[in-house]
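For reference, the structure discussed in these notes is given below.
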Amino acid sequence: MSRSPLTNGSAQRTANTSSPSQFKNDEASYSEDDEEDETYIDEIYTIIDAVVPRSDDPTLPALTFRVWVLGISFGVFLSCINTVFSFRTNTFSVSPFLAVLLAYPVGRFMARVLPDGIMNPGSFNYKEHTLIFVITNTMSSPPYALANIIGQKYQLYQTDLSLLSCFVFAIVTQCFGYGFAGLTRRYLVRPPAMLWPSNFGTIAMLKSLHADEDSSNGQYPISRFQFFWIVAFIAFVYEFLPTYVAPMLGALSVICWFVNNKPNNRIALMLGSTSPTAGLGLLSFTLDWSFISSYGPITTPLWAMLNQFLGLYFFLWIVIPILWLTNAFGNDQALGADSDYGFSLNTAATYNKNGVRISNTKFVARDTYAKLILNTTFYEQNKPIYITTYFALEYFNSFLVFTAAFVHVGLWYGKDIWHRFRSSLQDLDSEDIHAQMMDQYPDVPDTWYIAFLGVTTVAAVLVCQLGGFDLPWWGTLLAIALALVSMVPIGTIQAISGQQIGLNVMSEFLIGLILPGRIAAVMAFKTFSYMAMYQGLLLVQDLKLGHYIKIPPRNMFIAQVVSSILGSVISTATAVGLYESFGKVAVPVSAEYPAGFKWLIQDQDSMGNSGWSSTIYNVFISAGAIWGAIGPARFFGPNSPYFKTLIGFAVGLVLPVIPWIMYQLQPDSVWHLVNIPLIAIFPAQIGSRRSDLITPLLVSILFNYFVKKYRYVWWRKYAYVLSAALDTGTAVTLLIVFFFAQYNAAFQIPFPVWFLNPADQERCLSTPVLDCKAREIMGNAYGKVYNSAKDPQCAS
């Protein structure tokens, strides 16, 4: 096979064709700004040229039969399994990089065995490979709308919310951001100043695979594919230990070892326990890759990991304990006093004035039009409503990050953004060589994007008005307008700095003030406004990838639209099917179970070490209760214990200035690596098992410092492959254990309790409590039902 044009290319930037006389006439108007703009353009091309070739072969087929078969196959696979994994206690997903790696040998195999013609237009090429990645990448992430759908239809028991409405809602929220992406592409895609550096890793891997050469020059003879399957098999076998046989390997709590699980030791439990709902995991670590991988320790730059974990250690292990011990929000230590641990901290649950946990369904009532509204009687009886110190600090940090991101980007990238924006406007007229090569292909007319946006907007209004999502037509348009106005400025920031400023909290704040007490409307507004921008920018990023690789624009349009729709349908069907397949059991009608039944998958939430407590969905519905049912005016108002969290907005304006000033005073220091938004962003999902705070950073330091520094050739060839292989082997084991041992609610098959499989997974609770919980677990195993009344030692 001949070498791909991706690995060649030494073309020069397009020559300036202006005449000498024109230069003479322009000299007088030439300013320092023009000189700086040229400098920035030169810097941009230096960055791009290091990865992206200045060449193209327009004769290469792109959107082929192979692309559809492999892209949809990988996309369906990742969409299904990542949707299933979205119900885990600790977030876990398989990266679409898996498709980049495995599509190459499969594509070449298809090129050898398929008959020539439509099914086989020739050698498998890098443009096909890129489109396979784009399709897989679009389909692999479960839609944000899933949390809205699951929360409203199942967790709030709105049984009249039809499946058709759910599918339309998911499709619309995923797709109308694409209209924004297309309409802003001339500002966010075509200019060379809009780098989108996150694409460079994918391009480098594609170049490496299609170069037909060993990047280690024979130093490491094992191919990437052999290495992948070896590591994946090892991970598959090993993961049975922390997932099923010896779960304590996933939650090694050092502090609990030293206190020897003594009773009534709340301080030690608060600091050392890793359990969801309980402690902060101080000094705890994990040997379970499914916990480690959520931070992407191998694929995330070390400086970003250091910033994130510095923030986690500071806020989780210093700030939260101080706030909790001082009852900073009025009733912190009393929350969850009736639980096994005697307190609650690591949870997004809500509590009444006495510290008793409240089911979110109790906040909700139906009005005369069957819409979900605040149950004012229940609220008045239980106010003030409390959340844990951990959850309150998360909101404080969310407010801080929102303002800090703007300040940080303005200080560090402001001049850069301004000059690149100026140059991008100029480049709309004097385009670079990459834009010129893309002009060889028929462009997608703006009318296509406008029509697409028009259709999805109408569908959004209809599904909210008629489908049960309760958002007024003007609310839908306001959500779209908010996302559209934010698209270019936030997209510009992300394209240059790599940082995206999310709209989720601010959109909740805005609509919660406008429509207080309307939980369904607030959740829908949040989903629409956040996803329109987030998904739009994700699609813009893929458009830029296509721009670099020279994918015909109309091929990219078709691939993105089809994969967005297909991914939405498959992911929604998977989530709904999984939830309902667990079954339900009849219970008396109550405020907690207004439909007269209970979904059995919710029992996983009460099983502390099940690993499948639907954390993401629980956090979303709790946020819906806070921002939607109660409303920000009540929950964060002057008379609320959480009014003080609003100080986060002011703190975010000040903190980023400190490292910037220090860097001006000490230019040779490391202050330029201090990123306040990353430090405060709280990547550790509340409600997850908190043994995930040490090992990921150690893994990152090992591979992205020591291995990268001392074995760079190995790192360059195998690092990303190692990450994908560990994810893949772990994913297979998680699915086998889940469907074999936990899926059937009436016939659970737990591994027998032993030293490395304690009832709480970490051996933090006192011995009598552990013994009783172990009896309960095994008493409910293998189709049996445990009756605590017949167990006198545990009856109380």
Would you call [X] and [Y] a side-chain contact if the rule is heavy atoms closer than 4.5 Å?
X: M270; Y: P321; value: yes
X: D692; Y: I292; value: no
X: L478; Y: I514; value: yes
X: I621; Y: M523; value: yes
X: T645; Y: F399; value: yes
X: I150; Y: F620; value: no
X: N375; Y: V364; value: no
X: S93; Y: R88; value: no

Residue pair I358, F378: steps toward the side chain to side chain contact (heavy atoms under 4.5 Å, CB included) verdict: CA-CA 11 Å; I358 302 172; F378 177 82; 3.5 Å; yes

In a table with atom names and distances, give each donor-acceptor pair under 3.5 Å that connects a side chain of residues 646-663 to protein atoms at least two apart or in another chain.
residue: W660; atom: NE1; partner: L411; partner atom: O; Å: 3.3

[X] versus [Y], closest heavy-atom pair with distance:
X: G491; Y: L188; answer: C-CD2, 3.8 Å
X: L374; Y: I630; answer: CD1-N, 4.2 Å
X: N397; Y: A680; answer: ND2-O, 3.0 Å
X: Q465; Y: W473; answer: NE2-N, 3.3 Å
X: C464; Y: L471; answer: CB-O, 3.4 Å
X: N360; Y: S622; answer: ND2-OG, 3.3 Å

Look at the side chain of [X] and the backbone N and O of [Y], then say whether any donor-acceptor pair between them is shorter than 3.5 Å.
X: K544; Y: M194; result: yes
X: N327; Y: Q333; result: yes
X: N352; Y: N354; result: yes
X: T326; Y: L323; result: yes
X: S700; Y: P696; result: no
X: N346; Y: L280; result: no
X: K353; Y: Q381; result: yes
X: Q158; Y: G468; result: yes
X: T388; Y: F391; result: yes
X: Y313; Y: L693; result: yes

Ignoring hydrogens and geometry beyond distance, is a side-chain donor-acceptor pair present between [X] and [Y] at under 3.5 Å?
X: Q155; Y: N618; value: yes
X: T361; Y: S359; value: yes
X: T83; Y: S571; value: yes
X: S140; Y: N82; value: no
X: T89; Y: R689; value: no
X: R690; Y: Y390; value: yes

Residues Y617, F87; criterion ring-ring contact (aromatic ring centres under 6.0 Å, His included); working and verdict: CA-CA 8 Å; Y617 301 94; F87 288 89; 4.5 Å; yes

Evaluate side chain to side chain contact (heavy atoms under 4.5 Å, CB included) for I686 paired with T347, printing each intermediate quantity in order. CA-CA 6 Å; I686 188 171; T347 177; 5.5 Å; no

Walk me through it: do T277 and F343 pass the test side chain to side chain contact (heavy atoms under 4.5 Å, CB included)? CA-CA 8 Å; T277 76; F343 67 94; over 6 Å; no

Using the side chain to side chain contact (heavy atoms under 4.5 Å, CB included) rule, take I267 and L325 through it: C-alpha gap first, then chi angles, then the decisive distance, then the call. CA-CA 9 Å; I267 302 299; L325 288 169; 3.5 Å; yes

Roughly how far, to the nearest 0.5 Å, is the [atom2] atom of [Y] from the [atom1] atom of [X]?
X: L310; Y: L306; atom1: CG; atom2: CG; result: 8.0 Å
X: T389; Y: I322; atom1: OG1; atom2: CD1; result: 12.0 Å
X: F291; Y: S688; atom1: CZ; atom2: OG; result: 8.5 Å
X: F528; Y: T476; atom1: CZ; atom2: OG1; result: 5.5 Å
X: I480; Y: T457; atom1: CD1; atom2: OG1; result: 4.0 Å
X: N90; Y: S294; atom1: CG; atom2: OG; result: 6.5 Å

I'd like to know whether the aromatic ring centres of [X] and [Y] sit less than 6.0 Å apart in this structure.
X: Y642; Y: F329; value: yes
X: F309; Y: Y295; value: yes
X: F92; Y: F85; value: yes
X: Y144; Y: Y534; value: no
X: W627; Y: Y395; value: yes

Taking N307 as the fixed residue, which of N675, L312, L302 is the one that meets the side-chain contact (heavy atoms from CB on, under 4.5 Å) rule?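 That would be N675; it is the only one of N675, L312, L302 passing the side-chain contact (heavy atoms from CB on, under 4.5 Å) with N307.
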
Is it the case that more than 12 heavy atoms not belonging to W474 sit under 6.0 Å from its CH2 atom?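 For W474, atom CH2 is crowded (more than 12 foreign heavy atoms under 6.0 Å).
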
